[in-house]
Amino acid sequence: MYIPFLDVKAPYLELKFEFDAAYRRVMESGWYVLGQEVEAFETEFAAYCEAGKCIGVANGLDALHLIVRGYGIGAGDEVIVPANTYIATWLAVSHAGARPIPVEPDEVTFNINPSRIEAAITERTKAIMAVHLYGQPADMDPINALAKKYGLKVIEDCAQAHGARYKGRRVGTLGDAAGFSFYPGKNLGAFGDGGAVVSNDSDLAESIDLLRNYGSRIKYHNEVVGFNSRLDELQAALIRVKLTKLDDWNQRRRQVASNYLHELFAQSGLILPRVPEWADPVWHLFVIRTAQRDIIQQSLTTAGIGTMIHYPIPPHLQSAYVELNYQNGDFPLTERMAQEVLSLPIGPHLGNLECLRIIKSIQNVGLI
Ligand SMILES: *Cc1c(COP(=O)(O)O)cnc(C)c1O
């Protein structure tokens, strides 16, 4: 029996009746873009995040890009980003015309290391974009303290962390504004693309509301040079169904993570994720580190177990960023992580027996 890395169809099967009803409701409404479903979702997701505002957009990259634009950050400006992240974090900055300035991660949390940020700040720095990578919240207090000291905006990339908490507070409310993705594989995933900006800053929320819809508040009156980045009614209706289950599904992810942590801790040669006492992660990914990554991945593949690498090439070494002139060796921690990380299957529909088989398969590799 093959164990996929993630079963994205399982949520549909679990709530088929509710999804089908939502589909029919939208189809029969005759209204398909920016309507009642999007508005209802925005209200519900803002409440879920314990935040003031939510604006639905087309995807997670747009959410982050529009925040950068919304704060007037562009050509000649710099934004601090993690060196160790998915490339979308950097692209959001680049698309606004600004330059991403990478900072190395903390080895325990894999997230941006706050103690290395100050050295990267210049007079051109306008914001710090923190990422809650793998669903583990970044250490936001020192980041906010630096932002305050230098007058910077703090933007959270929450694409992997729907529902996570930092010192009791939901991610998405820890900085000035946050971008979420509803790509199907995320903890809250649509059946297509989707995203949202969450913020307590109502001026920013208003800018995003304009930017996502051709810069227009009143049809055919365009106040700014806007984009077309709207969340559609069907995706909104479908993620409203999933939102009712998000806490349960995150809880199940915690159980899977706790099984892995409990059963694999004695495995030599593996570095397991560690959770700081201030963090309540949502385990978008369960990422182990090992110098024998390729051997373990190969034997899991042979055992019929899907794994992935998040991420094999850091943004600074991608051809997309040759113009920034980074070399191998510029961000050694990030580069080593790219060689050593391996993501094990995790998700709300991964059963205990499957989990056990994955654990046994890893333990067997260790014996060789
Ligand atoms: C998925 C992801 C994004 C982008 O989201 P899309 O909806 O795919 O545009 C941004 N940042 C991180 C860390 C992500 O994992």
Side-chain angles (χ1 to χ4, degrees), residues 5-6 8 41 45 54-69 79-96 100 102-103 105 109-112 127-138 140 143 154-164 171-172 174-175 177-198 208 211-212 227-232 235-236 238-239 242 250 253 281-287 308-316 318 320-321 334 337-338 341 343 346-347:
F5 175 69
L6 176 69
V8 284
F41 171 73
F45 195 60
C54 168
I55 305 100
V57 296
N59 56 64
L61 171 59
D62 282 4
L64 295 166
H65 167 215
L66 296 185
I67 293 168
V68 177
R69 293 243 172 202
V79 176
I80 308 268
V81 295
N84 183 47
T85 183
Y86 179 55
I87 197 169
T89 315
W90 288 43
L91 292 176
V93 175
S94 305
H95 287 328
V103 167
T109 63
F110 288 51
N111 281 317
I112 193 165
I128 304 170
M129 195 178 287
V131 181
H132 308 300
L133 199 67
Y134 309 151
Q136 312 272 356
M140 296 303 291
I143 293 172
V154 174
I155 302 167
E156 297 174 78
D157 179 342
C158 298
Q160 304 191 355
H162 318 68
V171 302
L174 305 170
F180 284 84
S181 163
F182 308 124
Y183 181 74
K186 308 286 167 139
N187 288 38
L188 179 62
F191 294 82
D193 279 307
V197 172
V198 165
I208 303 290
L211 285 171
R212 74 170 170 181
F227 297 84
N228 176 357
S229 180
R230 301 173 296 217
L231 181 62
D232 68 68
Q235 296 306 332
L238 297 172
I239 41 180
K242 280 198 182 178
N250 280 343
R253 287 173 182 271
V282 289
W283 300 102
H284 174 59
L285 298 170
F286 189 94
V287 178
M308 288 186 78
I309 294 167
H310 297 95
Y311 296 90
I313 307 169
H316 72 277
Q318 296 282 0
Y321 278 113
T334 299
M337 284 175 178
V341 289
S343 305
I346 192 164

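Just so you know, ligand 1 is whichever comes first in the structure, and atom 1 is the first atom listed for that ligand.
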Determine all donor-acceptor pairs shorter than 3.5 Å in which one atom belongs to a side chain in residues 85-92; sequence neighbours excluded.
{"unit_1": "Thr85", "atom_1": "OG1", "unit_2": "Thr89", "atom_2": "OG1", "d": "2.8"}
{"unit_1": "Thr89", "atom_1": "OG1", "unit_2": "Tyr86", "atom_2": "O", "d": "3.2"}
{"unit_1": "Thr89", "atom_1": "OG1", "unit_2": "Asp157", "atom_2": "OD2", "d": "2.9"}
{"unit_1": "Trp90", "atom_1": "NE1", "unit_2": "Pro82", "atom_2": "O", "d": "3.0"}

Could you pull out all donor-acceptor pairs under 3.5 Å where a side-chain atom in residues 180-190 meets a protein atom, sequence neighbours excluded?
{"unit_1": "Ser181", "atom_1": "OG", "unit_2": "Tyr183", "atom_2": "N", "d": "3.1"}
{"unit_1": "Asn187", "atom_1": "OD1", "unit_2": "His284", "atom_2": "ND1", "d": "2.9"}
{"unit_1": "Asn187", "atom_1": "ND2", "unit_2": "Asn250", "atom_2": "OD1", "d": "2.9"}
{"unit_1": "Asn187", "atom_1": "ND2", "unit_2": "Val282", "atom_2": "O", "d": "3.0"}

For ligand 1, find each of its N or O atoms that sits under 3.5 Å from a protein N or O atom, and tabulate the pairs with distances to one decimal place.
{"unit_1": "ligand 1", "atom_1": "5 (O)", "unit_2": "Ser181", "atom_2": "OG", "d": "3.2"}
{"unit_1": "ligand 1", "atom_1": "7 (O)", "unit_2": "Gly60", "atom_2": "N", "d": "2.8"}
{"unit_1": "ligand 1", "atom_1": "7 (O)", "unit_2": "Ser181", "atom_2": "OG", "d": "2.6"}
{"unit_1": "ligand 1", "atom_1": "9 (O)", "unit_2": "Gly60", "atom_2": "N", "d": "3.2"}
{"unit_1": "ligand 1", "atom_1": "9 (O)", "unit_2": "Leu61", "atom_2": "N", "d": "2.8"}
{"unit_1": "ligand 1", "atom_1": "11 (N)", "unit_2": "Asp157", "atom_2": "OD1", "d": "3.2"}
{"unit_1": "ligand 1", "atom_1": "11 (N)", "unit_2": "Asp157", "atom_2": "OD2", "d": "2.7"}
{"unit_1": "ligand 1", "atom_1": "15 (O)", "unit_2": "Gln160", "atom_2": "NE2", "d": "2.8"}
{"unit_1": "ligand 1", "atom_1": "15 (O)", "unit_2": "Lys186", "atom_2": "NZ", "d": "2.8"}

I'd like to know if the side chain of His132 pairs up with that of Glu156 as donor and acceptor (distance under 3.5 Å, no hydrogens or angles considered). yes

Taking the six-membered ring for Trp and the single ring otherwise, decide whether the centroids of His310 and Phe5 are under 6.0 Å apart. yes

Check for a donor-acceptor pair, side chain of Ser229 on one end and backbone N or O of Ala58 on the other, with a separation under 3.5 Å. yes

Looking at residues at least two apart in the chain, or sitting in another chain, which of them share a ring pair (Phe, Tyr, Trp, His ring centres under 6.0 Å) with Tyr134? Phe110

